[in-house]
Amino acid sequence: MTNSQPSGFDRLSRPVRQWIWQQKWQSLRDVQEKAIPAILTGGDVVISARTAAGKTEAAFLPLLSRLEAKETSADGFALLYVSPLKALINDQHRRLESLCECCDVLLTKWHGDVSSNVKARARKRPSGIVLITPESLEALLVRRGGEVSHLFSNLEAVIIDELHAFIGTERGMQMQSILNRIEVATGRDRIDRIGLSATLGDMRLAAEALRPGDGEAVTLVEGNDPGNGVRLQVRGYLLERPTVPPKADAPEEPESDNDIPKEDEFSRSLLPKAMSDDLFRLTRGKRNLLFAGSRVNVEVCADRLRNMCDDERLPQEFFAHHGSLSKAIREDVETRLRDDPRPTTAVATTTLELGIDIGDVDAVAQIGPGSSVASLRQRIGRSGRRTGHPATLRMFVAVPPFDRGGHPLDRLRLDLVQAIAMVECLIANWCEPPIKAGLHLPTLIHQTLALILQYGGVLPAQAFKLLCIRGPFRNVDRELFADLLRCMASDSCRLIEQSGNGVLMIGSGGEEITESHDFYPVFTTEQEYRIVHETRTLGTYPLNSPLAPGETIIFSGRRWRIVDIDDRARVIAVKPTRTGKPPHFSGRGGAIHDCVVDTMRAVLCSSDAYQYLDQQATRQLDEARESFGELQLDRKSVIGHGQGVLLFPWVGTRKLETLTLALIAKQFKASSYHHSIELSDCSVNGVLETLEEIADAPAPDGVVLAGNLAQPALAKFDSFLSPELMCRVTATERIDAESLPEIARDLLEP
DNA sequence: GACCTGCTGCGGCGTG
């Protein structure tokens, strides 16, 4: 090949090239070739590619070459790598060790599990690369504010791994704010940021997340790894009974006297037998990830598949993996997936979605439609990495039995339709964007406290400029920030106080909060019991899900009896047993995007056939379309049902909740359920009249509407917001009053 | 109708 341009490889420094030779690589990967010139040039860069496409090296090979060229031996860290997971830091440390040795660059892990003397040593003689979490970085800024400029003045670049995991979250706001604070403290206008991200529908979102306010200037490097293709299937199953709960006044079903024990009956209602039979048949003997959707489903599913394994006298190959299981149990599963050739299926929640190194799997399965297209995309990328093996994802969806007289929501098979809509959005290369309007006031409270601690005090105008003008809190104007400061200083909070010369200081209430190590993360966790068998901790269980000694529970895919509960020590002791009830975890539903629900309507309206549906799912979709026509939902979106009315606005969760609120404000008994709103004791005409009023009136004030909504303290610092500020947060982030007239108009003329 | 993530400094104790 003749090429006047030097290849990426030729432009790397000598030690880096030597390391590549040692690895016996035949060539650089596509994403690495593209990233090298972009990073050598300087400036902000987003590198996006599938997990394990070599993004880490794509960033570090040219960055280490830049360090080599610099040849200054000034004090301070040269590269800062920020990761959302400790486990990922440990993985990356393993991966980068030999490369850094080759380049004679110090590599330091820095997170909560790293001993404090390692950190002390690094602080004393800062150099090379630090791998750190946002929380540890926050702690460093807050506790060692005076050292920040010394530690970071010679930073060549900051690398942010799993950038997509930070986008649109409170933790992402904190991270952006911390990076901004480092730039300000070191007097550097911009320190190059390199974001590593999974492929997203719209890469500009990642660019904007990397450099808020100037995403346009970020260079995008997209890995053009053709992969080995994708095999995708949606499989239909039948539930044993309808899903819409019967009305309170409906006659109770007679006790069934078959011999299924009650606990198995509940398990069967979550996971039909035909589905577990197929899951077993299709996953057995291979390496799989099975995303079950919730921790309860993980337990029920792992328990069922493990029992099938035992019944057939096969060695066990099914293992549960979720956030309430102990670190040791989870690591065993991860290690087995990565290093053990035996067949293994990890039944997991989203825990195995991010980039923890588990090697390649043969296939991915998912139960139910899932709640986002973004995670569907991530999951597919977990398989099909070896040449000749396409990525394989099977979605297993159960719908209620078909009954013409049944509830319309059951007749429409909405879970199946949603699964199809998700796949169609994925094929169209669309994926959920973050909500732009967020105020992120709780995190702004946190960052204001952190800033005061970092500098030992700060003037209100300085804080505003640093956090809201230069920093990421750009939806907060001067007036709102002043309100927030007043709220923080109020008698009920005393988070801050102001000295005679106007400097903001930590108040008595603030001291208590900021002195605890609990201060650094911006998210909360509920209090929990530890579940212990003999000396081994199996995991944790929420305090507010009562259990009693003698009860049974499925946990870690096994069945246990509770022997003892120590409320003071928060320990639940268990021993193995033969039966078990599914555990109970609390969760708040996820929000589904407008685009997905709109696509659901399109799927129901059209007569397109989808190649990826199995026979049963195809038939179920036909039945759903038939019901859609019979209910005349192709022509109208407001239909009578029983003593009430059903509304189908075909909008996402946020707008659906907003309309429900607006109708409650107009004295309707309204509740949203499964993409629709059910109104009881009213007539179609009455509802149509009200919708006309809403359509013709100007959009109501979101703050007034939000006043009718329960405002539970969800984010960590919500409890410090005044009712007025809390209402504003709800109005901006949780509802969408602006769009109400339009939703009402669309309901009247679909 | 859901999931996940993270943590300092210091005092006290045991061990080599």
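When reading the values below, keep in mind they use all heavy atoms of this one structure, side chains included, and skip hydrogens, waters and symmetry mates. A note on names: the letters A, B, ... follow the listed sequences, proteins ahead of strands, and every chain is numbered from 1.
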Peer 1: Considering only heavy atoms, which members of residues 139-147 of chain A lie under 4.0 Å from some atom of DNA chain B?
Peer 2: A:Ala139, A:Arg143, A:Arg144
Peer 1: Just to be sure I understand the geometry, which residues of residues 326-338 of chain A put a non-hydrogen atom under 4.0 Å away from DNA chain B?
Peer 2: A:Arg330
Peer 1: B:dC4 C1' sits how many Å from A:Leu88 CG, rounded?
Peer 2: 14 Å
Peer 1: Using heavy-atom distances to pick each residue's nearest nucleotide on DNA chain B, tell me which of A:Phe519 and A:Gly323 is more 5'.
Peer 2: A:Gly323
Peer 1: Distance check needed: B:dA2 P versus A:Glu299 CD, whole Å only.
Peer 2: 16 Å
Peer 1: Taking only residues two or more places apart in sequence or in another chain, which ones pass ring pair (Phe, Tyr, Trp, His ring centres under 6.0 Å) with A:His111?
Peer 2: none
Peer 1: Could you tell me the separation between the CZ atom of A:Phe291 and the P atom of B:dC4, rounded to a whole number of Å?
Peer 2: 12 Å
Peer 1: Rounded to the nearest Å, what distance is computed from the CG atom of residue A:Leu376 to the C1' atom of nucleotide B:dA2?
Peer 2: 16 Å
Peer 1: Nearest whole Å is fine: how far is B:dC3 P from A:Gln378 CD?
Peer 2: 18 Å
Peer 1: Quick one: does A:Val158's side chain get under 4.5 Å of A:Ile182's, heavy atoms only?
Peer 2: no
Peer 1: So A:Gly293, base contact, sugar-phosphate only, or nothing? Heavy-atom distance under 4.0 Å.
Peer 2: sugar-phosphate
Peer 1: Going by side chain to side chain donor-acceptor pair (under 3.5 Å), A:Lys327 matches just one of A:Asp113, A:Thr537, A:Asp332. Which one?
Peer 2: A:Asp113
Peer 1: Decide yes or no on salt bridge (charged side-chain N to carboxylate O under 4.0 Å, His left out) for A:Arg377 and A:Glu432, but give the supporting numbers first.
Peer 2: CA-CA 11 Å; A:Arg377 189 188 280 261; A:Glu432 292 84 1; over 6 Å; no
Peer 1: Apply ring pair (Phe, Tyr, Trp, His ring centres under 6.0 Å) to A:Phe291 and list each qualifying residue two or more places apart in sequence or on a separate chain.
Peer 2: none
Peer 1: What do the steps show when you test A:Ser324 against A:Arg295 for side chain to side chain donor-acceptor pair (under 3.5 Å), and what is the final call?
Peer 2: CA-CA 8 Å; A:Ser324 295; A:Arg295 286 171 285 186; 2.9 Å; yes
Peer 1: In dot-bracket form, how is DNA chain B paired, counting a Watson-Crick or G-U wobble pair only if both its distances are under 3.5 Å and using | for bases paired to another strand?
Peer 2: ................
Peer 1: Can you tell me which nucleotide in B:dT5, B:dT8, B:dC3 comes closest to the side chain of A:Arg295?
Peer 2: B:dC3
Peer 1: For A:Thr660, give me all partners under side chain to side chain contact (heavy atoms under 4.5 Å, CB included), at least two apart in sequence or on another chain.
Peer 2: A:Ile664, A:Ala670, A:Ser672, A:Ile677
Peer 1: Roughly, in whole Å, what's the span from CG in A:Asp415 to P in B:dA2?
Peer 2: 12 Å
Peer 1: For A:Gln418 and A:Lys86, find the nucleotide of DNA chain B closest to each by heavy atoms; which residue's nucleotide sits nearer the 5' end?
Peer 2: A:Gln418
Peer 1: For A:His93 and A:Trp110, run ring pair (Phe, Tyr, Trp, His ring centres under 6.0 Å): C-alpha distance rounded to whole Å, both residues' side-chain angles, the deciding distance at 0.1 Å, then the answer.
Peer 2: CA-CA 10 Å; A:His93 189 265; A:Trp110 189 311; over 10 Å; no
Peer 1: Could you list the residues that satisfy side chain to side chain donor-acceptor pair (under 3.5 Å) with A:Gln620, not counting sequence neighbours?
Peer 2: none
Peer 1: Whole angstroms only, please: what is the NE2-C1' distance between A:His321 and B:dT5?
Peer 2: 13 Å
Peer 1: Between A:Ser136 and B:dT8, is there a contact of a side-chain N or O with OP1 or OP2 at under 4.0 Å?
Peer 2: yes
Peer 1: Report each atom pair, protein N/O against N/O of nucleotides 13-15 of chain B, whose distance is under 3.5 angstrom.
Peer 2:
none

Peer 1: Going by the rule ring pair (Phe, Tyr, Trp, His ring centres under 6.0 Å), which residues pair with A:Tyr520 if we only count those two or more places apart in sequence or in a different chain?
Peer 2: none
Peer 1: Looking at A:Arg123 and A:Glu147, is there a salt bridge between them, counting it only when a charged N and a carboxylate O are closer than 4.0 Å?
Peer 2: yes
Peer 1: Check every atom of B:dT8, B:dC4, B:dT5 against the side chain of A:Arg171 and return the nucleotide holding the closest atom.
Peer 2: B:dT5
Peer 1: Do A:Phe523 and the base of B:dT5 stack face to face, with centres under 5.5 Å apart and an angle between planes under 30°?
Peer 2: yes
Peer 1: Using a 4.0 Å heavy-atom cut-off across all strands, classify A:His674 as base, sugar-phosphate, or nothing.
Peer 2: base
Peer 1: From the list B:dT8, B:dG6, B:dC4, which nucleotide is the closest neighbour of the side chain of A:Thr349?
Peer 2: B:dC4
Peer 1: Can you name the ring pair (Phe, Tyr, Trp, His ring centres under 6.0 Å) partners of A:Phe720, sequence neighbours left out?
Peer 2: A:Phe717
Peer 1: So, using side chain to side chain contact (heavy atoms under 4.5 Å, CB included) as the criterion, who are the partners of A:Ala206 when residues are at least two apart?
Peer 2: A:Val46, A:Leu163, A:Ile167, A:Leu200, A:Met203
Peer 1: Of all the choices, B:dT8, B:dG1, B:dC4, which nucleotide is nearest to the side chain of A:Ile592 once you look at every atom?
Peer 2: B:dG1
Peer 1: Under 4.0 Å between a Lys/Arg side-chain N and an Asp/Glu carboxylate O for A:Asp303 and A:Lys581?
Peer 2: no
Peer 1: Go through the structure and list residues passing side chain to side chain contact (heavy atoms under 4.5 Å, CB included) with A:Ser115, not counting sequence neighbours.
Peer 2: A:Asn117, A:Val118
Peer 1: Mind calculating the distance between CG (A:Leu325) and P (B:dC3) to the nearest angstrom?
Peer 2: 13 Å
